[in-house]
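Treat the numbers as computed from the prediction; the structure is a model and nothing was measured. Indexing begins at 1, ligand by ligand and atom by atom, following the structure's order.
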Amino acid sequence: MIKKIDHIAIAVHSIEEALQTYEGALGLELTDVKEVPERGVKAAFLPVGASEIELVEPITADSSIAKFLEKRGEGLHHVCFEVEDIEAALQDLAAKEVQLIDTQPRQGAHGRVAFIHPKSTHGVLMELIEKH
Ligand code: ZN
């Protein structure tokens, strides 16, 4: 069902500041920055092999990333798996009684996505993506 890790998202207060570490110290290359106003975030993408590190910064005070930072500080926000068929994956997980945040996929920046509740994954928010 899972093809690969698509990206690992890290919640940060400032992408600009975080890039000093991820580009400057680790030597990763920034390839894309996108604002997703409906989610209240800005995201920066840095490929690592077939996967990417996604730095996520809140652009509105009421975004879920702003709340996450307030509660838990900077750090791992979610891991995203690429799947071939997101509907089939969600049906399969629901049948196995995995707790889903999204029972139906929604449109994300790079494809259709759905989130799995961290209660079902030993504490890490998981995302599934079917690339378009
Ligand atoms: Zn993601």
Side-chain angles (χ1 to χ4, degrees):
M1 169 172 107
I2 292 166
K3 291 165 75 177
K4 66 172 172 97
I5 291 177
D6 184 74
H7 62 269
I8 293 170
I10 298 167
V12 299
H13 290 293
S14 159
I15 285 174
E16 200 187 322
E17 226 171 84
L19 285 176
Q20 290 175 21
T21 304
Y22 285 89
E23 273 191 312
L26 293 171
L28 300 181
E29 193 192 340
L30 176 68
T31 56
D32 198 13
V33 181
K34 272 201 174 91
E35 284 206 9
V36 191
E38 61 274 20
R39 282 180 50 220
V41 300
K42 187 160 103 176
F45 298 90
L46 302 104
V48 182
S51 306
E52 288 183 306
I53 295 290
E54 179 182 344
L55 302 173
V56 192
E57 172 193 318
I59 53 172
T60 60
D62 62 346
S63 76
S64 64
I65 293 291
K67 286 174 193 145
F68 178 92
L69 286 168
E70 217 169 89
K71 250 198 245 166
R72 302 175 54 174
E74 293 189 314
L76 176 65
H77 185 261
H78 65 269
V79 174
C80 179
F81 294 123
E82 184 181 355
V83 296
E84 197 70 58
D85 180 341
I86 197 163
E87 271 90 4
L90 288 171
Q91 270 179 23
D92 183 53
L93 290 168
K96 290 170 180 162
E97 292 180 1
V98 171
Q99 199 178 326
L100 304 173
I101 292 173
D102 303 301
T103 52
Q104 294 297 321
R106 48 179 146 131
Q107 197 59 50
H110 294 135
R112 293 187 311 138
V113 302
F115 283 90
I116 303 170
H117 201 283
K119 274 183 191 157
S120 285
T121 55
H122 299 260
V124 180
L125 178 63
M126 295 282 180
E127 180 181 24
L128 302 177
I129 186 167
E130 181 187 317
K131 297 264 181 114
H132 36 227

Listed protein N/O/S atoms, distance to the Zn ion (ligand 1) under 2.8 Å: H7 NE2, H78 NE2, E127 OE1
With sequence neighbours excluded, residues passing salt bridge (charged side-chain N to carboxylate O under 4.0 Å, His left out) with E87: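 Scan of E87 (salt bridge (charged side-chain N to carboxylate O under 4.0 Å, His left out), adjacent residues dropped) gives R112.
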Residues which pass salt bridge (charged side-chain N to carboxylate O under 4.0 Å, His left out) with R72, listed by chain and number, not counting sequence neighbours: none
Distance, nearest 0.5 Å, that separates CD1 of I86 from CD of Q104: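 Between atom CD1 of I86 and atom CD of Q104 there are 10.0 Å.
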Pairs involving residues 22-72, ordered by first then second residue, that meet ring pair (Phe, Tyr, Trp, His ring centres under 6.0 Å) (sequence neighbours left out):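 Sorted result for residues 22-72: F45-H110, F68-H77.
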Carboxylate-amine/guanidinium contact D6 K131, below 4.0 Å: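 Judged by the 4.0 Å cut-off on N to carboxylate O distance, D6 and K131 do form a salt bridge.
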Under 3.5 Å donor-acceptor, D102 side chain and F115 backbone: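 Between the backbone of F115 and the side chain of D102 there is a qualifying donor-acceptor contact (under 3.5 Å).
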